[in-house]
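Following: one structure in structure tokens, then a few remarks.
Reminder, nothing fancy here: chain letters follow the sequence lines and each chain counts from 1.
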Number of protein chains: 2
Amino acid sequence: MALEHAILVSLLEQPGSGYELARRFERSIGRFWTATHQQIYRVLKRMEGDGWVTAEEVGQDGRPDKRSFSVAGQGRAVLVEWLRAPVQPEAVRHELAVKIRGAAFTDLAGRASLITEVERYRAEHEALLGRYLNGEKRDFPDTSSLDAGQRLQHAVLRGGIAYERMLLDWLDDVLDTLRAL
Amino acid sequence: MALEHAILVSLLEQPGSGYELARRFERSIGRFWTATHQQIYRVLKRMEGDGWVTAEEVGQDGRPDKRSFSVAGQGRAVLVEWLRAPVQPEAVRHELAVKIRGAAFTDLAGRASLITEVERYRAEHEALLGRYLNGEKRDFPDTSSLDAGQRLQHAVLRGGIAYERMLLDWLDDVLDTLRAL
DNA sequence: CTGCACATGTAAGAAGTTACATGATTGA
DNA sequence: TCAATCATGTAACTTCTTACATGTGCAG
């Protein structure tokens with residue numbers, strides 16, 4: 001329900017093509033809202049039809065032409081209205097937690113393979129935390145000279161960093177628990 | 001893809017009816033995998049057809065009859081196999097983060113209403129943390145005498161507690177940022 | 001000449017949400 | 001008698017995922 005709004009925010013921060021949006025969803029926005037290019041093109045088409053965004057053909061040399069999207073007045077109004085509405089309770093889906101509880105019903109070999117998997121998962125998130133910290137150093141080197149948009153982006157990034165740190169600590173706790181079984 | 005597996009874990013911990021499962025998904029399991037009763041009944045039916053679970057009619061007095069489900073050998077095998085597979089990268093959907101970044105594109109009144117909303121959201125999660133901590137005191141009063149299943153359940157609960165604590169800290173950070181704008 | 005980045009889509013199917021539907025018992 | 005809890009579903013709809021489809025230009 002909020003993919004539209006995530007796209008509107010991203011286009012307000014910087015207009016761009018469907019392809020560029022998909023890239024952003026892989027990197028920055030995707031930290032808190034994932035979407036594939038198929039979803040993005042579909043929603044973009046609907047939003048264009050509804051007058052929320054407008055497209056401009058951009059010819060490029062050495063590259064295929066693209067359609068660059070910008071937020072129209074109506075789209076901005078929709079976003080502002082949505083910002084005033086209460087946050088919907090989010091649907092939690094944490095597969096690893098299901099597997100950890102499931103570990104009670106497998107044998108020693110099964111638990112050993114889960115430990116390996118948790119270690120792999122931990123390494124992945126350690127790398128992700130590293131990327132967040134690098135991004136923070138790159139994009140927010142001087143926190144005293146940021147505009148409103150940048151300060152808010154930084155606050156959201158700090159949330160990602162706090163989440164990854166909490167996750168790594170918890171995964172260590174889980175590994176201890178699994179090994180002590 | 002993993003609702004089946006969440007149900008299998010829950011039924012292995014304790015057999016029960018679709019209704020009872022729905023209640024558990026509202027409370028304990030729902031901390032890391034949400035599902036409505038409609039989904040549960042649909043998946044339960046499919047799993048019964050595939051021989052993953054078996055149902056037993058239980059007559060009750062003073063209450064409607066129910067069908068109590070237990071995990072069959074085949075269901076257990078499916079679960080054990082799934083436990084060995086790598087964890088799928090999860091789809092993150094954090095509406096509040098989108099709204100925070102969106103706050104750059106609204107006016108003072110819009111930002112004020114977002115602050116109120118973040119405060120409400122924070123109070124909700126503070127209450128949730130309280131429930132987790134109460135549940136911990138109730139279900140795990142003596143951590144030295146727990147079996148494997150309980151120790152794993154406790155580890156997952158500690159994850160929920162760590163998440164909520166991290167979230168509250170971050171929300172305070174966000175409120176400071178929004179107020180300073 | 002092969003693979004990758006750029007660029008935009010369609011189609012089928014799986015999964016999830018929302019609304020509707022029924023009916024018994026218990027406690028206020 | 002009214003609401004809540006227990007108990008089980010169907011139907012319609014929306015959304016998401018996965019697979020397929022096409023074409024250019026550049027770098028190795």
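- Candidate nucleotides C/dA5, D/dA7, C/dG9 were compared by shortest atom distance to the side chain of A/His37, and C/dG9 ranks first.
- For B/Arg42 against C/dT17, a side-chain-to-base donor-acceptor contact under 3.5 Å is present.
- Environment of CD in B/Glu81: sparse, with no more than 12 heavy atoms of neighbouring residues, nucleotides or ligands closer than 6.0 Å.
- The side chain of A/Lys66 sits closest to C/dA7 out of D/dT17, C/dA7, D/dT8.
- In terms of phosphate contacts, B/Lys45 brings no side-chain nitrogen or oxygen within less than 4.0 Å of OP1 or OP2 of D/dT8.
- Across its full length, the helix from C/dC1-D/dG28 to C/dA28-D/dT1 shows an angle of 30° between the axes of its 5 terminal pairs at either end, rounded to 10 degrees.
- Contact check of residues 85-101 of chain A against DNA chain D (heavy atom, cut-off under 4.0 Å) returns no residues at all.
- Between C/dT8, C/dA19, D/dT8, one nucleotide has an atom nearer to the side chain of B/Tyr41 than all others, and that is D/dT8.
- Relative to the side chain of B/Leu3, the nucleotides D/dC20, C/dG16, D/dG9 differ in distance, and C/dG16 lies closest.
- Other residues, nucleotides and ligands place more than 12 heavy atoms under 6.0 Å from the CD atom of A/Glu124.
- Note: B/His5 and B/Trp82 have parallel aromatic rings, judged against thresholds of 30 and 60 degrees for the angle between ring planes.
- The phosphate of D/dT8 (OP1 or OP2) has a side-chain N or O of B/Ser17 nearer than 4.0 angstrom.
- Checking C/dT8, C/dA15, D/dT18 against every side-chain atom of B/Arg46, the shortest atom distance belongs to C/dA15.
- In this structure, B/Tyr19 OH and B/Ile40 CD1 are separated by 11.5 Å, a value rounded to the nearest 0.5 Å.
- A donor and an acceptor atom, one from each side chain of B/Thr106 and B/Arg111, are nowhere located under 3.5 Å apart.
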